Structures are given as C-alpha cells and as structure tokens.
Amino acid sequence: MRALTLYKPHCLPAFGQSKSSLPFRSPRRARCGGVMPSSSPSSAASTATALPEEKVKRTKSQFHHNEASFLASLMPKKEIGVGRLLEAHPEYDGRGALIAIFDSGVDPAASGLQVTSDGKPKILDVLDCTGSGDVDTSKVVKADADGYIVGASGARLLVNPSWKNPSQEWHVGCKLIYDLFTSTLTSRLKKERKKKWDESNQGAISEALKELNDFDKKHSKTEDLKLKKAREDLQNRLDFLRKEAENYDDRGPVIDIVVWNDGDAWRVAVDTQGLEDGSGNGKLADFVPLTNYRNERKYGIFSKLDACSFVTNVYDEGNLVSIVTDCSPHGTHVAGIAAAFHPEEPLLNGVAPGAQLISCKIGDTRLGSMETGTGLVRALIAAVDHKCDLINMSYGEYTLVPDYGRFVDLVNEVVDKHRLIFISSAGNNGPALSTMGSPGGTSSSIIGIGAYVSPDMAAGPHSLVEPPPEGLEYTWSSRGPTVDGHLGVCISAPGGAVAPVPTWTLQQRMLMNGTSMSSPSACGGVALLVSGMKAEGIPVSAYTVRRALENTSLSIGDTPEDKLSTGQGLMQVDRALEYIMQSKNFPCVNYRVVVNPAGLSSPTARGIYLRNACACQQTSEWTVTVDPKFHDDANKLEQLFPFEECIELHSSDKSVIRTPEFLLLTYNGRNFNLVVDPTNLKHGMHYHEVYGIDSKAPWRGPLFRVPITIIKPVASIGQPPTSSFSNISFVPGHIERIFVEVPVGATWAEATMKASGFDTSRRFSIDTLQICPLKRPIRWKGAALFSSPSLKSFSFPVKGGLTMELAISQFWSSGVGSHEATVVDFEVVFHGINIEQGAVVLDGSEAPKRLLVKSLLASEKLVPMANLNKVKIPYRPVDSKLICLPTNRDKLPSGKQIFSLTLIYKFKLEEGAEIKPRLPLLNNRIYDNKFESQLYAISDVNKRVYSVGDAYPKYVKLPKGEYTLHLCIRHENVQILEKMKHLVLFIERKLDKKDHIQLNFFSGPDGSIMGNGSYKSSTLVCGGSEAFYVSPPSKDKLPKNAPTGSTLTGSISYGSLSLGTKNDNQNQRSPVTYPISFIIPPPKIEEDKGKDNSNASKSISERLEEEIRDTKLKILSSLKRGTEEEKTAWKEFSGCLKDEYPNYTPLLAKILDAVVSGGAEDDKISYKQEIVNAANEVINSIDKDELLKFFSVKPDPEDEEAEKIRKKMESTRDYLTEALYRKGLALADIEFSKVDQPAKETTSADDEKQGEESITVASDQSDSFEENFKEIKKWVDVKSSKYGMLVVVRERHCKRLGTALKILNDMIQDESEQGKKKLYDLKIELLDEIGWSHLSAYEKRWSHVRFPTCLQPL
C-alpha cells in the first residue's frame, strides 16, 4: 500500500502542472466541478421544513469572467453561501473563532496571515509537534573574558553584551540547516550556493593548471626523480579539484543555537554565518533574540538567501529548543483558505478572515512531510490547551479498521469533552467506492469533506476554455461508504483555491486542489457559524454544527447514490446558521448509530453494506441501536434525565427497506429492527437511508441516518469467464461503475479497453477494488491516454468470490473543449491458477516442497517461477530506556503524562547494502493502531544518522559497518510499554542481482537430489489439478552474512498472461505473485584440518610456563593507567616482565600498544619519543633476516608443520610492520612538533646555536624517518589503507600536498573501517595548508554530518 504515497497532505498538483513542478509531493489525486445558483436560496427555516432535494446546476450558456469575478473564483466562497451570510451578518466573519491547523506548518510571514479583520493577531501560536526541529541544548557553557562562548558546533561565538543573563549560563546546541528545510527549498539553495562554490573552485583549477603549465615550460625534461614527483604533485592537485567538482554534494551549513534565561523568559539566538558564506551577516550577536512564539508572536528569517521564516519554542528548562519551520507549502495554503485576510484585496480573503489560528505541524520534515503519531497527539494536546474551537486536518491515508485506534480515541475525547469541532479531508483516492481516507472519512467524530468544483473555479483558477455546465465532485475525491457501512463523506466544499504560500517559495500564492483544500474551505465556513453562535450566546458543539451542515446542504447530482460521492451535498453556511439559531433551544445531542445482524452481537457496524452476490439474493434483518450522546459536561438531572424524543422513522424506499414507524428515544438509547430486501433490485449500485425525524419538530430534518449501500454484481459468463460492456458513452467527469462477481478460482484478470468517437485526446482512469475483512482493499489503479481511437490492454490481480468494482472515469477536465462524447467498449476476462497454500515456506532442510495447483475456470499455461532476492535477519534489543516525558507538550488533556520507550538494536553489515527495518506488530498502521507512535533512526558508530522512519519504513543504502537503530514507542500506559521491551525487529536486506537465487522445480520428490525430473511448464486443463515440487536453494548459493534463523524471501508465480503477442513484454510478466521464503539452516561443521597440536609435544612444565606467561600478559593488558599511581604500577610490572621474558615480541608489542593508547600529557615530544623507543624494542626483538629468508620460499600447504611455522612467521611480520608504522608516525610528529615549537627568549648567540641544533635534530629525525620508511616498504604496500598514513605524512613533509591529498582520499574511500575522523581532520589541514578555503569549508560542513557531537532527539 506504500505505493499510494500514504499519509501525505490531501492535495494535488494544479491542472496542467506536473507533479515534478510542485514544491512537494502529494498523495491523493484531485478533480473539479460544481457551481452555485446566482440567486439566493430561500431561508433555512422554510427550506428545512420541506427538505427539498435542490440541485447544483448551470445550463451550458456563455460563461464570462470579469476581473472581480475572476479574483473571487481564485478563493471560492460564494459556492457555500459565504457572501449571503456576511451580507446579513458582517460581524460573523470568524471573529471569536480559533482554528487549530493540523498540517505541514504555517508560515507566520505569509501574505494575509498577520492580522484578523478586526485587527487582532492572526496566528496565536506556531508549534512543531513532530520534534523534527528539536535541538538538544542541554550543554551549558560560560563566556570568556572577551565575551565569547564556544558553540555546540565548535565555533567561537561573540555574545551581545546587551543581552540580559543573570546566571551567565548559556545553553548551546546546533543543527544542520537543511534538516529544517523542505526538499524544494534545499534544492534551490544548493543550486544557488553551488554557483558560488563553482566560481571559487574554477579559480583554484585555473591556478593549478597555470602552475602545471608553468612547470612544464620551465622543465622540458623531467627525468629527475624529484622533478617527476613535483610534476605528479601538481597534476594530483588539478585532478583533485576536478574530482571534488564532480562529487560535490552540499549538505548545508550548521547553525548554532544559544539559549538563556533573562530572568523573565527563555530567549533564543541563532548564528547563521555558515549560511551567509562569509558575507559578515548572520552573526550571533546581531540576531534579535526570540522567545516562545506564544508569548511575543515574533519570528526570524534565517537569511535573505533562503527567505525562510522560523519561530522558536523552549522546553525543559532550556535543555530543548524547537526550531519551527514548515515542511511544505501545504499548511500555509490550507490556513489561507480558512482564514486569510487581505484588506487591500478582499476578494482574495479566506472564508473566515476574522478567525484566529494556531499552527500545529504534524508533518515531519525528516519524513518528507508525512505525519507521525507523536505529531498528531501533541497537536491534540495543543488544541485543547489553547481552547480552540475548531481543528482542520488535511492529511490521511488508508486504514485497516475504520473508526479505531489511539488517535481516534483521543479525538473522541476532545470532541465529546472539550467541544472541539474536528474537520478533515476525505481523501483523494477516488473515484472507486470505499476509498475513504482515515481519519477524515472513517471516524464518526470527524466531519469528512469531499472536493467539489464549480464552473467558476474551472474557468478561473483552472483556466479551462470551456468549463463544465454544472458543478460536480472532482474525479479523484474519495468515495464512501467505509467498509463498515458508514457514509464516509459528510458534506462537500470547493476543492481548489489560489491561496497564500510561505515566503521561501518566492511567490505570494499558488493554486492547489484536493480534499486538502475542501477541508479548510468547510472549516472556514464552520468558523463563521462558530462566530455567529458565540455572538448569539449559543453553545458551540460539533453535534449541533454537523446536523446543521448535513440538513441544509445542497444536493450534488440527481440520484441517491451520489451521496456516496458528495455526502449530503454542498455546504451552505447561511442556511446552516439559520438552522442553528432556530435549533438553539434543543439539546446538543449526537445520535450514534450501531448496526448488528439481528440476533448477533457482532460484528458491529455504523451502517449496512451488502456487497457480495449471495447477500443480495436474500432478505436480511438487522438490529439498529440509537445511542444519544451528550457532551461530558452535560447535567444529569437537567439534561440527561428529562431527555425524551418521539422519533418518526422513514425509509428512502419502503420496497427495499422496511422499518417501524416510531421510536421513543431516551438517554439510555433504544433498539429497532429493520429488514432489507435487495432481491428485486437491478444489477449495480443502490443507496438507501433510514432516518429519524423529531415528530414534534419535523423541520429539524433527520436527527440520525442509517446508511444502506447495496451492490448487486453481474456474473461473468463463458469459459474463461468474461464480462463485456459495450457502447458506454463518456463526457468529462463521467464515472461508469461496473460491479462484477469475480468467479471462485480467479486470481487475475485481463482487460481490453477500446475508445472511439472522439476528436481530441481523452484521459481515463481505470480503478478496480475488492474488499476483504480486516485487510486493506485489493486495489489496482491504471490510467489510459487515448490520442486517437485505439485499443489498450491491462492485467491486474483479483480475489475469487468477492465483488469487484470496475470504475472507469473520464477525467473532469479531459475533452471539455469538445462536444463529442467518447464511446468505450470494455471487456474483462478472468483467469486463475489456484494453489493449496498462498505463502510457501521452505523449512531449511534439503526436502522440497510439494505444490498442488488447480484451474477452476479454463485451461491455463502453467509456468512456475520462483526467485529469492532478500534476506531478513531478526534482532532483539540490546538495551531499552523507559522514561516519563518531562514537558507539557506530552501531557494529555486528561492530565496523564506520556511515557517513551526507546529500544536499541545493533546490527552489522559486512558489505554495503540496501536495508529496510521491519516491525511486523507496528508497521503499516498509524491511525488504526493503539500505540501512539513509532519512530526510528539508524546511525553509525560516529553517530551519523542515515535514515529516520516511522510506520512505513523505506529502504536505505548503507555502507559496510556497524549500526545502531533507536526505536521510540510512546504510550500513556507503562504496563503496555513494558511488554514491548523485547520487541523483535527484522532487518531486510536486498541481495545484489548477481546473488538472486532462482529456485528449481521437479516432478518428483527426489529430483533435486538425483538431478533429474526437472519441471518446466505444462497446460493445466479446466477442472484439473497438478502437483510438483519446488526445491530449496543449494547451500553454495546461500548469501554470505545470513546467520542461522534468518530468512530468504522472494516471490513465486505460476501462470502467464494470454494478452499480447509473443514479442510483447507484457506476455512475459507474471500476473500474480505469492510470497516464498527459506529459513537459513545451521552451517555445516568443517573438519579441523590444520588443528594445532603443538602443545602435544611439550612437557607439562613447558606448557605450564607458557600458560603463566600468557596470563601475565593478559593482566598487563587489563591494567588501567589513569592515575599516577596506576601508571607507576604498570611501569614496574611491565619492567619485571621484560626482565623475566627478554626480547619476547608479543610482550613488547603489548607494551607498545599501551604506550600508544596512553596519549600525550604536557610534553608531546617526550611522549612520541617513548613510542619510538617502545617500537625499537619490538623491532630489535625480531630477526629480520630469518623473516626475509622464510618469506622468500613458498611453504608447502599440505605440510602441517610448515603451516604452523607460516602462521608464526606471519604473526611476527605483523608485529614488525605495526612497530615500524607506529615508529614512523611518531618520528614524523617529533619533527613537526620541533619545527612548530615557539621560540624562547634568548640572546643572539643562543639563537644562532639553537638554530644550528634544531637543523641538526630535524635532519637526524628526517633521516630516521626515511630509513624507517624504506624498511617498512620491504614488508607491506605502504599505499594501502592501513599504512597509507605514513606516505601522506611523508608527502606532506616534502610539500607535495597534492599527492598527499590523493593518497588520503584513497584511504578515506576504503570501506574497511568506519571511524575515519582523523583522516577527514587531516584532509581539512591539508586543504588549509594549500589555501583552498572553499574546499576546507565544504569539508568542515560535512564533518557535522559525518561526526555529529550527539544524536538528535527522536
């Protein structure tokens, strides 16, 4: 389901705009339609009594915009009656209403979002609820005498002396600036910054090329070795610069954050000099300090280059700072639709210009704007804390179970207890039925909004030459019902607008469309109602508002079935307000409906949804429970006890739905039965309702509805089963729904679509959908563009025995300029190869797996294929941390504090690979999950973060090395989190294509062992069955680094398509695949060929003496050397061992290791000399002549005694080369240290004498280094990654810095080790030494990525 681009903002690219041109990617697709009559409808009071079925239509007449109407169409409002309401009540423009925008973040600097229509601040708070902008500022520093502090990045920062800080304690942290920006903004900055970098690098290349050319002119012959090396160095410099240009990847600068308490509030300052690139701007001392946005409502701009505004919020007594930026333009656009105020351009105002906002960012920048459970819950906490009236959320995704999960539970609480009105987008997954997104279209407490387009919108923002004659629902707007029968869409609102966007986009507003836009349009409309309710003294309640919206909306379409697309219709705010005012004396009640099959307590549903053929062939009886729900603060004696209503029950069609006539409803609720008789219905889709009317006040309209959706499918005929549909006429926006009973035994379908009778090109969407219990819908979505009459073919998987909807739709804007209808012929042919079991599991033994296949529909070509292409390795946590989160942003409205469980997993990759972490218990669920959230980060040994993910993990490419995965799970219940402490994690690794394993098939059980009876293909006759075997992979094909208990996974298929020709690639594709896996068995036990029996020939006393010696060496290695006392003890003990075991190389090597690891104290030269001395002892203990003699002769590998000697000599050689290597580095350091030593105050005679001595010492050290270098070259390749540092040091000493850089770069590229900070630091030193400041700055920025000081908070 991840391919649907899940849990993203519900908005789409504008018409004619490609997705790649958008500033962000969006999931659900959009479509236009709809118009309001120009005349004002009758009052709500009169219309509500008759409940007329009004239609939103417009005849196909001349349609012209003037400037004013065009501008008004950019922000649609007249479609929902805003103008009529404000004409009657100008002050009810949203004043007094506070909206929480749950989205990608709102830019407080955006056009129209500064003040309300009555002069109040527009945005009261801006919050990052995801934590993606969190910065750890727990480190505390103090300023030096000059007023400087050292920031978390290591930069020296001047503190503004005017900043008040009584404690003189400065909290510091840092953040990579690109981690705060959207991908679009980052891409723009990278391009602009690269231009500057290229100028500097091109200048360096020109200079290097000039030096090389000048050298060639001066030295025509370079036979001298020194000259050759000098020219090679110049060439290496030039090559290095060119290579850096090719590999340039700007990871952005790091910004320093400083936090302090001025005695009244926490203050934040940001240093952005790295972003300003040496311009002198962005200094910390020049920054105007910010505090929590809620307190002063101030924001900052990082730099003129990015034009990105941000706000700050401080938590946990200054130990955590949230830098809040938006993660896409989506949230600002949504906020603008709801409430923008443009005093100079009132036609561009949002729906409720008087409303105020808080921005709750739920889209996580680390995840590319996807929402997280943490963000959702914190947003709810903030909405309650700020006493908001409304919530708008234009996000969502598919869900496994509707109206279920942790987030839904909390939404129910804020709606029922705190009286918030929650409005959300229904989703952009239409036009098929049952495509509602969660939570907007699946949750009872949320008002789900569909997307409508009017002719004004089509001609205005969409710029169509000829708009549709009447309003309609966008093609892509999600449709109901939910899988438990709920209508899904509540009402519809305009689904497109030209609205404000963030300043970093470098434009004031842009066009977006989707249910993301219809939701804030509806939310703004409800804000007008809230404004009026508060002014009239009417209690604000989601129950009252929802009923008013549903019972006063205008129908869209001509049939009851259109409600599955549009809900109750297009909202009309003026009529809804009149309805509310007329209903103000009635109790605020939510009539909750639960439906069960008669006589059964389960399953429970919120409506009746008959979808399969067998359900439509008989009459069924259902029990409906109506449960009046009051707000939690309702008075028991004054409101609950006296509640009693006489309900008159109505059926939309009594020939299909029979129900009692009346129901006496009290606070404790009542049941009634209804009978559904679909037997006489025609094939296709049917929608009916049972609704309850207050018999004493029928003008109130339906108080509750029981939605009843009946799908009566057609059966396929023939062999193979075929369904054909001819001469279907399409016009723009037309949707043809065909429901087919998929025959039992079908596993895939092949379809052909023929389009004709048109002149201009036509764009079609083809959707198929089947519903399975407790499983996400089986859905296939295709698209077809016909530039001329032609035939197209498709294939898709199906599930036999379930009804399939085939939804064919002509895109709403396709062919609008043509007056010719498109004629479509469509044919679906069902095929199937049934297997005894879906998933095939090979248990790790040599035994093959028997497979039994059948064909129940027609003869099929049986061509089995199986491939293993991934390995899945299980891990348990190595550690866990359970804490109570300290801040108020994690304190639920109930007063409970949220707990966080962090699980730590360790894994190692022996070679680079693409991996994906999997948590079967938690993955693929956000809204339908009882856990609040799940978030993970993968980092290496240097704390570099490679990937952050959530419920939908993605593959990430990792180099060879060791990694840590931190998984954070949150919940308010500690006991539940305790159960998760040993949660199993799988690391799924893609195998290289060369390592994919093709499995073999055999006709008999012994075929794989005997090597005969291979099974390739056959024809499976209708009604027949066939058995064969799939063999496990041979042990020599098993991938490396797949431990016992891990699983190889892949796919297996059985059939082939019949569509297309022999040369058609589609004919080679497998139509349906199933999972197959192989459990890795224990490895075979190898015989110990070269078993060490050296001790067998030794006496007991000799063996005992060796054991004692080795034990003493272990004790020496374990001794600490922290204090002076410990160092003295170590020296005494090591000296005793040297006396006891003179010239014993392993002992001397351990002493050398200890000296190297000890580190320098004050006298660096003495420390390096100590290393040289220790290394010399190792070198002198080895007979190098004997070693050379041994390696000059190739030993016999079959000779066990020779093999023992070989191992011993190789070990001795390793001791020697390691000692030579350590000695060489120490000698080089001594030479550099003496050259760099500051001069002491001396007389001129002393200066002369000291100068002569230093030259002599330097010369001696240089000679020693060269001699040592020549010696180590005899034994190893000094340019290898292990010993290359010696060459780098040598070339640097000889001022051949280009060659040094080349060798150093080769060492860095070697993946044999992860911890390479010293190498990168040396690279920066060399770049500085050459004078390439632009490359040095580039590497320093990368250091913050490769070697962060700490892990960022999850």
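Note that the structure is predicted; figures quoted are calculated from it, not measured.
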Nearest-0.5 Å distance, [atom1] of residue [X] to [atom2] of residue [Y]:
| X | Y | atom1 | atom2 | result |
| --- | --- | --- | --- | --- |
| S519 | I423 | OG | CD1 | 6.5 Å |
| I80 | L554 | CD1 | CG | 11.5 Å |
| C588 | R419 | SG | CZ | 5.5 Å |
| T435 | L769 | OG1 | CG | 7.5 Å |
| H330 | D103 | NE2 | CG | 5.0 Å |

Give the minimum heavy-atom separation between [X] and [Y], together with the two atoms involved.
| X | Y | result |
| --- | --- | --- |
| L529 | V573 | CD2-O, 3.4 Å |
| V489 | G450 | CG1-N, 3.6 Å |
| A522 | I449 | CB-CD1, 3.7 Å |

Side chain [X], main chain [Y], donor-acceptor under 3.5 Å:
| X | Y | value |
| --- | --- | --- |
| T399 | V401 | yes |
| S518 | G495 | no |
| H631 | D416 | yes |
| R479 | S477 | yes |
| D403 | S444 | yes |
| D950 | Y952 | yes |
| T566 | D562 | yes |
| E473 | A451 | yes |
| E932 | V377 | no |
| S652 | E689 | yes |

Using the ring of each side chain (for Trp, its six-membered ring), is H650 parallel, tilted or perpendicular to Y691, with breaks at 30° and 60°?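 Answer is parallel, since the angle falls under 30°.
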
Salt bridge check: are [X] and [Y] linked by an N-O gap of less than 4.0 Å?
| X | Y | answer |
| --- | --- | --- |
| E561 | R737 | no |
| D694 | R547 | no |
| R606 | D484 | yes |
| D326 | K361 | no |

Out of R705, R575, R700, which residue meets the salt bridge (Lys or Arg N to Asp or Glu O under 4.0 Å) rule with E550?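 Passing option: R705.
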
Residues H688, I608; criterion side chain to side chain contact (heavy atoms under 4.5 Å, CB included); working and verdict: CA-CA 10 Å; H688 301 279; I608 299 172; over 6 Å; no

Begin with the C-alpha distance, continue with both residues' side-chain angles, and end with the deciding distance and a verdict on side chain to side chain contact (heavy atoms under 4.5 Å, CB included) for W780 and D767. CA-CA 6 Å; W780 177 84; D767 290 54; over 6 Å; no

Of all residues at least two apart in sequence or in a different chain, which pass the ring pair (Phe, Tyr, Trp, His ring centres under 6.0 Å) check with Y92?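 Scan of Y92 (ring pair (Phe, Tyr, Trp, His ring centres under 6.0 Å), adjacent residues dropped) gives H89.
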
Verify side chain to side chain contact (heavy atoms under 4.5 Å, CB included) between N513 and H462, making sure each step is shown before the conclusion. CA-CA 10 Å; N513 55 1; H462 288 291; 3.0 Å; yes

My understanding is that only residues two or more places apart in sequence, or in another chain, count here; which of them pass salt bridge (charged side-chain N to carboxylate O under 4.0 Å, His left out) with R611?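 So R611 forms no salt bridge (charged side-chain N to carboxylate O under 4.0 Å, His left out) with any residue.
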
NZ/K775: more than 12 non-hydrogen atoms of other groups inside 6.0 Å: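 No, because the 6.0 Å sphere around NZ of K775 holds 12 heavy atoms or fewer from other groups.
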
Kindly indicate, with the supporting measurements, whether the criterion side chain to side chain contact (heavy atoms under 4.5 Å, CB included) is fulfilled by V408 and S443. CA-CA 7 Å; V408 173; S443 308; 3.7 Å; yes

